[in-house]
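Throughout, protein chains are lettered first and strands after them, A, B, ... in sequence-line order, and every chain is numbered starting at 1. Side chains are part of it too, since the values below use all heavy atoms of this structure and drop only hydrogens, waters and symmetry mates. The model shown is predicted, which means the values in this text are computed figures rather than measured ones.
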Amino acid sequence: MRPLTPFAADVLDVVEAIPPARVLSYGDVAELLGAGGPRAVGAVLSRYGGGVPWWRVLRADGTPPPQHAAEALARYRAEGTPLRGDRVDMAQARWDGGAVGTL
DNA sequence: CGTGTGACACGTA
DNA sequence: TTACGTGCCACAC
């Protein structure tokens with residue numbers, strides 16, 4: 001277990017709350033948290049994303065992390081996430097984020 | 001406490 | 001569509 005920063009714990013909390021077939025952009029996660037920015041969220045998932053559905057967090061234009069694109073695409077197909085070619089259809093797959101407050 | 005870095009966002013060409 | 005520049009935030013050194 002690596003030492004988790006408060007911000008990192010918060011980010012992971014939100015990512016775990018994302019329901020199947022739904023996604024959030026890095027910026028959306030930061031906005032739901034009300035703190036940090038997309039860069040910070042990406043950094044957290046890169047370091048501590050091993051225990052959460054990291055594939056449900058991707059870039060605002062729907063492109064999954066290039067280094068894990070194949071893995072992410074497999075997950076999207078398995079969950080039935082709306083795809084548009086090799087990118088996620090953010091217009092449909094974007095999560096409301098309403099359940100974050102119900103933790 | 002300054003500097004570099006990253007699974008980013010966005011405007012412009 | 002890709003490429004480049006700028007702004008952004010947290011963290012390791």
Roughly, in whole Å, what's the span from [atom1] in [X] to [atom2] in [N]?
| X | N | atom1 | atom2 | value |
| --- | --- | --- | --- | --- |
| A/Phe7 | B/dC8 | CZ | C1' | 12 Å |
| A/Glu31 | C/dA10 | CD | P | 15 Å |
| A/Leu45 | B/dC8 | CG | P | 10 Å |
| A/Asp61 | B/dC8 | CG | P | 10 Å |
| A/Asp86 | C/dT1 | CG | P | 12 Å |
| A/Leu4 | C/dA12 | CG | P | 11 Å |
| A/Arg87 | B/dC8 | CZ | P | 14 Å |
| A/Asp10 | C/dC11 | CG | P | 11 Å |

Could you check A/Ala40 against A/Asp28 and say which one's nearest nucleotide on DNA chain B is further toward the 5' end?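 First, find each residue's nearest nucleotide; the 5'-ward one identifies A/Ala40.
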
Contact class for A/Arg59 (heavy atom, under 4.0 Å): base, sugar-phosphate, or nothing?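 Sugar-phosphate contact only - A/Arg59 comes under 4.0 Å of backbone atoms but never of a base.
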
Which nucleotide sits closest to the side chain of [X]: [options]?
| X | options | answer |
| --- | --- | --- |
| A/Arg39 | B/dA9, B/dG6, C/dA12 | B/dG6 |
| A/Trp54 | C/dC9, C/dT1, B/dA7 | B/dA7 |
| A/Ala60 | B/dC10, B/dA7, C/dA10 | B/dC10 |

Quick check: any donor-acceptor pair below 3.5 Å linking the side-chain of A/Tyr26 to the base of B/dA7?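 Flag set: donor-acceptor pair detected.
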
Give a yes or no answer on whether the side chain of A/Arg56 reaches the backbone of A/Ile18 with a donor-acceptor pair at less than 3.5 Å.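 It does hold such a pair.
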
Do the side chain of A/Tyr26 and the main chain of A/Ala40 share a donor and acceptor less than 3.5 angstrom apart?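 No, A/Tyr26 side chain to A/Ala40 backbone: no donor-acceptor pair under 3.5 Å.
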
In whole Å, measure the gap between the C1' atoms of C/dC13 and B/dA7 for me. 22 Å

Nearest-0.5 Å distance, CZ of residue A/Arg22 to CD of residue A/Glu79: 11.0 Å

Supply the atom-to-atom distance A/Glu16 CD to A/Trp54 CH2, rounded to the nearest 0.5 angstrom.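 One gets 15.0 Å once the value is rounded to the nearest 0.5 Å.
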
When you group the ILVMFWY residues by side-chain heavy-atom contacts below 4.5 Å and let the links chain together, are A/Leu58 and A/Leu32 in the same group? no

Once you apply the 3.5 Å cut-off to both distances, tell me the Watson-Crick or G-U wobble partner of B/dG11, or none. C/dC4

When you check the phosphate oxygens OP1 and OP2 of B/dG6, does a side-chain N or O of A/Ser46 lie under 4.0 Å from one of them? no

